[in-house]
Participant: 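First the structure, then my questions, so here it is.
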Amino acid sequence: MQHGIVQKFGGTSVGSAEAIRRVGAIVGQARDRAPFVVVSAVGGVTNRLFALGEAALAGGDVAELARDIEALHRKILTDLGLGPDLVAPWMAELRDLAHGVALLRERSPRTQDRLASLGERMSARIVAAHLAQVGLSAHPLDAWDAGLETDARFGCARPLPTSDAKIRAAARDRTGIPVVTGYLGREPSGAITTLGRGGSDYSAAIFGAALSVEEIQIWTDVDGVMTADPRQVKTARRVPVLSFAEAAELAFFGAKVLHPATMAPAVRAKIPIRVLNTWRPEERGTRVVAALAASERGIKSIATKGHIAAVNVVASEMMFQYGFLERIADAFARHEVVVDVIATSEVSVALTVDAAARLEPVVEDLATFSEVTVVRELALVGVVGEELRDGLGIQARIFATLAELGVRAEMASYGATRNNLSIVVPRERLKDVVDGLHERLFQAP
Ligand code: ASP
Ligand code: MG
């Protein structure tokens with residue numbers, strides 16, 4: 001059958017009977033578009049499956065953890081008026097696996113993936129049963145039976161190039177609404193794999209791209225992407241449309257959007273993604289598209305990182321020599337410290353890192369060939385929008401706002417894509433800066 005949309009429901013959207021009823025209504029409304037449904041595990045279950053694996057390995061009390069997981073699923077089923085034994089086969093597998101790990105005191109990535117797979121395998125059964133209950137012809141489907149074949153990198157598997165054709169072939173022979181396990185795949189020799197934490201969005205993008213659907217819907221518990229964090233800025237509002245490039249910039253700030261890697265299949269296939277709120281389905285959410293229409297351009301969002309530190313490196317003798325930046329980057333890489341923003345001048349380099357990063361060994365290395373200072377108590381503000389590329393007035397407004405507030409930018413960086421202007425400011429002024437910029441960029445007439 002030909003699917004018109006993929007609808008992916010995250011952990012909170014399948015986290016209770018009440019949530020699953022909403023899913024039923026949302027899928028029902030979309031029935032004319034022949035939805036392909038992808039589900040996450042019930043909220044919190046994947047974490048518990050990892051905890052269970054740890055406990056089994058350490059010889060701890062696995063029985064109680066298993067009981068909790070079982071009780072959670074059985075309660076949802078009972079609340080939905082469905083038979084609680086629906087999940088029994090997967091609970092039996094869970095206990096067998098935990099027993100095996102405890103017995104051998106060994107938990108390979110392959111075993112852990114199999115254990116982690118149980119969350120989605122159970123939630124898909126529950127959601128499909130509920131959809132059938134409300135009169136939809138739905139059936140549960142494990143990702144591999146929907147054609148998703150991956151490599152054997154357990155814990156971070158990637159689809160094989162042959163997967164797309166298999167996904168299409170599986171769809172051809174099918175009728176009704178499949179409710180497919182997100183996050184999972186299977187490698188050629190038959191073992192279950194996972195795509196990495198949060199991988200259900202990736203699953204949705206993989207299936208959506210293979211099936212050339214019109215839209216991939218990501219149903220979650222927020223209204224979409226906001227112009228600023230609503231906890232910080234009371235007047236923050238929903239952003240109706242973002243480009244993939246803008247969404248990728250925002251993801252860097254940890255904004256509750258899609259991770260760029262998970263969007264890749266959709267980006268390549270130019271399939272729009274829409275982020276929607278399961279609790280407010282009437283809201284239109286945020287659409288993420290390959291290319292913006294002229295009327296859709298503008299400044300989209302202000303994102304922040306509240307706790308960062310800057311490392312300033314000055315090495316006048318090294319300047320104009322080969323490999324200077326490489327030596328700096330190397331010091332960070334060697335000690336596994338991730339660098340966020342870099343700004344360089346002829347005689348210095350400034351780099352920002354998360355405030356929690358362990359900087360001492362990096363500084364020690366850098367000090368062997370440069371003068372290093374570390375400035376703490378900083379924050380990063382990112383203004384995101386493709387409009388920054390050519391909107392001269394916007395840059396001026398941003399810096400004018402800082403000047404009005406009496407805030408000096410410690411550092412500013414305008415990435416190569418020019419979709420994001422990142423400014424480093426003193427942490428104690430972060431709130432003023434975000435409020436001021438939000439007012440100037442989103443509320444000013
Ligand atoms: N259940 C998996 C996780 O929690 C995948 C997902 O929710 O996207 O990581
Ligand atoms: Mg989850």
Side-chain angles (χ1 to χ4, degrees), residues 6-16 19-20 22-23 36-54 65-66 68-70 72-73 76 87 90-91 93-94 97 107 109-128 140-144 146 148 150 153-159 179-186 192-209 216-222 247 251 254-266 273-279 288:
V6 166
Q7 296 188 301
K8 179 261 171 175
F9 296 91
T12 51
S13 299
V14 297
S16 65
I20 292 173
R22 288 175 174 273
V23 170
F36 180 101
V37 175
V38 175
V39 293
S40 286
V42 169
V45 165
T46 309
N47 284 341
R48 291 187 199 200
L49 290 167
F50 274 86
L52 189 125
E54 300 277 306
L65 287 167
D68 284 351
I69 294 172
E70 180 161 33
L72 179 61
H73 290 93
I76 293 175
V87 292
W90 294 275
M91 284 308 304
E93 182 176 328
L94 185 154
L97 282 168
R107 181 186 48 153
R110 176 191 179 108
T111 304
Q112 180 54 50
D113 268 8
R114 179 147 199 138
L115 199 50
S117 76
L118 288 157
E120 273 72 10
R121 289 160 73 201
M122 291 194 281
S123 67
R125 268 73 199 181
I126 297 175
V127 172
L141 201 58
D142 288 314
W144 47 90
L148 181 46
T150 70
R153 282 190 290 165
F154 297 100
C156 58
R158 291 292 169 264
V179 179
V180 181
T181 57
Y183 179 52
L184 309 182
R186 193 164 69 182
I192 295 175
T193 56
T194 66
L195 306 174
R197 294 306 307 271
S200 300
D201 287 350
Y202 190 34
S203 307
I206 293 167
F207 285 115
I216 297 166
Q217 298 183 339
I218 304 291
W219 289 88
T220 175
D221 53 6
V222 294
K256 249 198 162 183
V257 231
L258 308 153
H259 191 280
T262 71
M263 295 187 294
I273 301 179
R274 192 189 286 271
V275 181
L276 290 144
N277 189 341
T278 300
W279 275 263
V288 188

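One-based numbering, in listed order, for ligands and for the atoms of each.
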Participant: Show which atoms of ligand 1 fall inside a sub-4.0 Å distance from at least one heavy-atom site of Glu120.
Facilitator: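 The atoms of ligand 1 under 4.0 Å from a heavy atom of Glu120 are 1 (N), 2 (C), 5 (C).
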
Participant: At a 4.0 Å threshold, what atoms of ligand 1 neighbour a non-hydrogen atom of Ser40?
Facilitator: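 Per the distance check, 6 (C), 7 (O), 8 (O).
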
Participant: With the threshold set at under 4.0 angstrom, would you say Gly198 reaches ligand 1 through any of its heavy atoms?
Facilitator: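 Contact present.
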
Participant: For a 4.5 angstrom cut-off between non-hydrogen side-chain atoms, does Ile206 reach Leu148?
Facilitator: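 Counting from C-beta outward, Ile206 and Leu148 do come under 4.5 Å.
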
Participant: Would you mind running through ligand 1 and noting each atom that sits below 4.0 Å from a heavy atom of Arg197?
Facilitator: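 Ligand 1 atoms under the 4.0 Å threshold to Arg197: 3 (C), 4 (O), 9 (O).
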
Participant: Would you say the side-chain atoms of Asp221 pair up with the backbone N or O of Thr12, donor to acceptor, closer than 3.5 Å?
Facilitator: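 Checked: no pair found.
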
Participant: Could an N or O of ligand 1 be found under 3.5 Å from any N or O of Thr46, whether backbone or side chain?
Facilitator: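 By distance alone, the answer is yes.
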
Participant: Looking only at atom types and distance, does a side-chain atom of Thr181 sit under 3.5 Å from a main-chain N or O of Ala143, one as donor and one as acceptor?
Facilitator: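 Judged by distance alone, yes, a pair lies under 3.5 Å.
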
Participant: Do the side chains of Asp113 and Arg153 get close enough for a salt bridge, i.e. N-O under 4.0 angstrom?
Facilitator: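 Salt bridge between Asp113 and Arg153, a charged N being under 4.0 Å from a carboxylate O: no.
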
Participant: For ligand 1, is there an atom lying under 4.0 Å from some heavy atom of Gly182?
Facilitator: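 So Gly182 does not count as touching ligand 1.
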
Participant: Do Phe9 and Val38 have side chains that get closer than 4.5 Å, going by heavy atoms?
Facilitator: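 Not in contact.
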
Participant: Taking only heavy atoms of Ser200, which atoms of ligand 1 are found under 4.0 Å from at least one of them?
Facilitator: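 Reading through ligand 1 atom by atom, the close ones are 5 (C), 6 (C), 7 (O), 8 (O).
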
Participant: Verify whether one side chain among Arg274 and Gln217 offers a donor that lies under 3.5 Å from an acceptor in the other.
Facilitator: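 Result is no, nothing qualifies.
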
